[in-house]
Amino acid sequence: MKVYLLNAPYKPRFTRDMRWQDTGRGGTLYYPIWLAYATGMLEQVGCEARLVDTAAWGWNMEQVLKDIENFQPDLAVIDTSFPSLNNDISVAEIIKQKLSDARTVMVGAPASQLAEKMLSSPGTDIVCRWEFDFVLRDLVEAINEGKSLDQVKGISYKSGAKIIHNPDREPSNSEDLDKIPFVSQVYKKHLNVKDYMLNYSYSMHPEVQIFTGRGCPFRCTFCSWPQTLMGRTHRARSVSNILDEFEWVEKEFKEVKQIFVEDDTFTLNKKYVMEFCQGYKERGLKIPWGGQARVGLDYETMRAMKEINCMMIDIGYESGNDEILRSVKKGITVEQIRSFAKEARKTGLSIHGNWIIGLPGETKETIKATERLIKETKADAITVAVVTPFPGTELYNWAKENGYLITEDPNEYLDERGHQKSIISYPELSSVEIREAVDGILKGYYLSPSYVPIALKRIFSRHGLNELKVLWRSAVAFLKYISNK
Ligand code: SF4
């Protein structure tokens with residue numbers, strides 16, 4: 001079977017597989033990660049797959065249509081995100097008009113929440129909900145074996161005038177994750193690693209983003225993936241399987257300078273991380289890496305990570321106000337953020353701090369408290385997001401029930417240039433004020449003299465040349481963003 005997997009044209013450099021989709025104010029472009037996992041799994045069961053990333057290649061719809069006509073797929077899989085949903089549905093329609101024999105399949109986080117909407121379009125035949133790489137593989141195998149669609153868990157589809165929703169598929173488990181191909185091998189075969197960039201401090205270019213596990217057991221109300229895509233159950237690949245991928249990248253994918261572990265919760269289990277560190281040393285690996293982590297990670301583990309070439313960690317701090325952290329069930333306090341930032345600095349790890357403005361309870365005063373904490377914690381780089389209530393999240397339901405949503409249409413999440421705008425507005429803090437506060441904090445951080453020593457530290461580090469390039473690219477993108485406002 002021939003399968004075409006498409007990260008479709010939308011706004012330039014728009015990333016669907018980011019937690020907070022945007023066109024990257026700092027120049028970031030993510031891989032189409034989940035689509036790449038699906039590509040690997042389909043090839044594993046004998047499909048001829050073509051993965052097309054129009055965000056990286058700068059393709060328009062005309063180029064896609066030419067390419068897809070040449071390929072003549074049996075299935076065209078279209079990735080979606082909440083802010084690009086209407087666009088993505090219309091892409092499926094255009095493809096369906098061109099290739100009426102191919103079946104169109106929509107995937108992505110919105111599929112678990114808005115399958116009806118997707119299927120109400122004449123362009124969509126099937127929707128794969130939740131962990132779609134596994135569902136897609138089951139679907140292809142069922143079609144190959146001549147089974148009927150009602151036997152495939154996790155899909156929604158049309159049967160005559162009716163829309164049928166089969167029961168959800170069970171989430172994958174750790175053993176399943178060990179069996180799927182390394183996503184870095186898919187990147188090497190289908191994509192150009194030089195196209196992708198993380199604007200984190202000490203993130204080397206080119207890099208690959210991988211997952212060592214899926215699902216997050218924490219209950220942060222704003223966080224979309226555990227509530228719409230990968231679920232709350234945490235499952236992890238075996239340490240030896242992860243080390244095999246690290247080793248493969250180091251030996252067989254030489255242009256890659258860093259691996260970034262994109263998991264929600266790689267550092268959830270100290271014993272697991274320590275085993276990984278030990279295994280990395282025993283195999284004599286050298287490749288630099290970084291990853292997502294959580295406040296609460298202890299000094300000893302961070303030291304062990306640093307010793308095996310961990311360059312940076314990406315941390316969700318979110319807010320400088322305890323009441324807000326409590327209300328979004330973040331499970332951390334301002335005091336814990338402070339002491340974590342201090343400990344992390346002592347280890348020498350570089351920190352990328354993530355903050356959100358506009359969470360429940362936000363006021364002008366709490367924004368000031370967050371800004372003070374940002375300055376105090378002195379991360380090497382920061383991201384400040386405009387609060388975005390994704391359908392399916394507790395935050396979305398809360399905002400809707402309380403009348404704080406300006407619109408229920410997720411296509412309104414971005415402005416015409418593809419940057420986040422707030423669709424939440426409070427009586428004491430408007431959506432415009434939320435967005436202005438984000439821009440003000442970013443300017444205040446990066447354009448202030450107090451960032452100079454941080455930038456100099458980065459430039460005069462062991463990887464100074466790389467840091468200079470990352471800083472330059474990020475600065476150009478950021479200045480372009482603020483000057484066009
Ligand atoms: S800990 Fe991180 S990944 Fe997990 S729910 Fe909270 S924000 Fe999401």
Side-chain angles (χ1 to χ4, degrees), residues 15 17-22 30 33-34 81-82 108-109 112-113 130-131 171-172 177 198 200 209-237 260-270 272-273 290-298 301-302 312-334 336-337 340-341 344 351-362 370 373 377 379 382-399 420 424:
T15 293
D17 282 353
M18 246 174 146
R19 288 171 178 78
W20 301 83
Q21 294 94 11
D22 195 299
Y30 267 45
I33 310 175
W34 297 118
S81 70
F82 288 107
S112 67
Q113 308 301 314
W130 296 93
E131 197 176 8
S172 62
L177 297 185
L198 296 174
Y200 300 150
Q209 287 165 277
I210 67 166
F211 276 86
T212 66
R214 296 180 179 187
C216 177
F218 295 101
R219 308 202 71 83
C220 312
T221 63
F222 55 84
C223 184
S224 175
W225 283 0
Q227 298 179 81
T228 61
L229 191 66
M230 289 295 148
R232 300 244 191 240
T233 312
H234 181 245
R235 56 271 187 203
R237 291 162 57 188
F260 189 78
V261 177
E262 188 60 50
D263 300 26
D264 297 330
T265 38
F266 172 65
T267 57
L268 190 65
N269 179 330
K270 176 171 178 167
Y272 178 81
V273 179
Q292 307 273 358
R294 207 180 125 83
V295 168
L297 186 61
D298 67 296
T301 313
M302 284 192 276
M312 55 82 59
I313 48 178
D314 187 34
I315 296 280
Y317 291 137
E318 326 304 4
S319 175
N321 177 273
D322 274 328
E323 196 42 54
I324 292 178
L325 290 169
R326 223 182 343 266
S327 77
V328 297
K329 303 183 185 165
K330 182 69 194 175
I332 59 173
T333 63
V334 168
Q336 286 170 329
I337 292 175
F340 170 83
I351 305 292
H352 187 101
N354 293 280
W355 305 86
I356 305 170
I357 298 297
L359 289 169
E362 194 82 275
T370 297
L373 193 59
T377 46
I382 59 167
T383 298
V384 186
V386 172
V387 64
T388 306
F390 294 104
T393 62
E394 267 190 70
L395 175 67
Y396 181 89
N397 296 338
W398 173 87
Q420 287 185 303
I424 281 189

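Note that the coordinates shown come from a computational prediction; the quantities given were computed from them, not determined experimentally. Counting convention: from 1, in listed order, for ligands and their atoms alike.
- Ranking protein heavy atoms by distance to atom 4 (Fe) of ligand 1, first place goes to Cys216 SG, 2.2 Å.
- Protein heavy atom closest to atom 2 (Fe) of ligand 1, with residue, atom name and distance, is Lys330 NZ, 4.1 Å.
- Proximity of a side-chain donor or acceptor of Asp314 to a complementary backbone N or O of Gly291 within less than 3.5 Å is not detected.
- Just one of Ile357, Val328, Ile356 meets the side-chain contact (heavy atoms from CB on, under 4.5 Å) condition when paired with Val387; it is Ile356.
- Using the six-membered ring where Trp is involved, Tyr317 and Trp355 have ring planes that are tilted, between 30° and 60° apart.
- Atoms CG and OH, from Leu198 and Tyr30 in turn, are 6.0 Å apart once rounded to the nearest 0.5 Å.
- Tyr396 and Gln227 are not linked by any side-chain donor-acceptor pair at a separation below 3.5 angstrom, with hydrogens and angles left out of the test.
- Of all protein heavy atoms, the one closest to atom 3 (S) of ligand 1 is Asp264 CB, 3.4 Å.
- In this structure, atom 8 (Fe) of ligand 1 lies nearest to the protein heavy atom Cys223 SG, 2.3 Å.
- At the shortest separation from atom 6 (Fe) of ligand 1 among protein heavy atoms lies Cys220 SG, 2.2 Å.
- The protein heavy atom nearest to atom 1 (S) of ligand 1 is Arg294 NH1, 3.4 Å.
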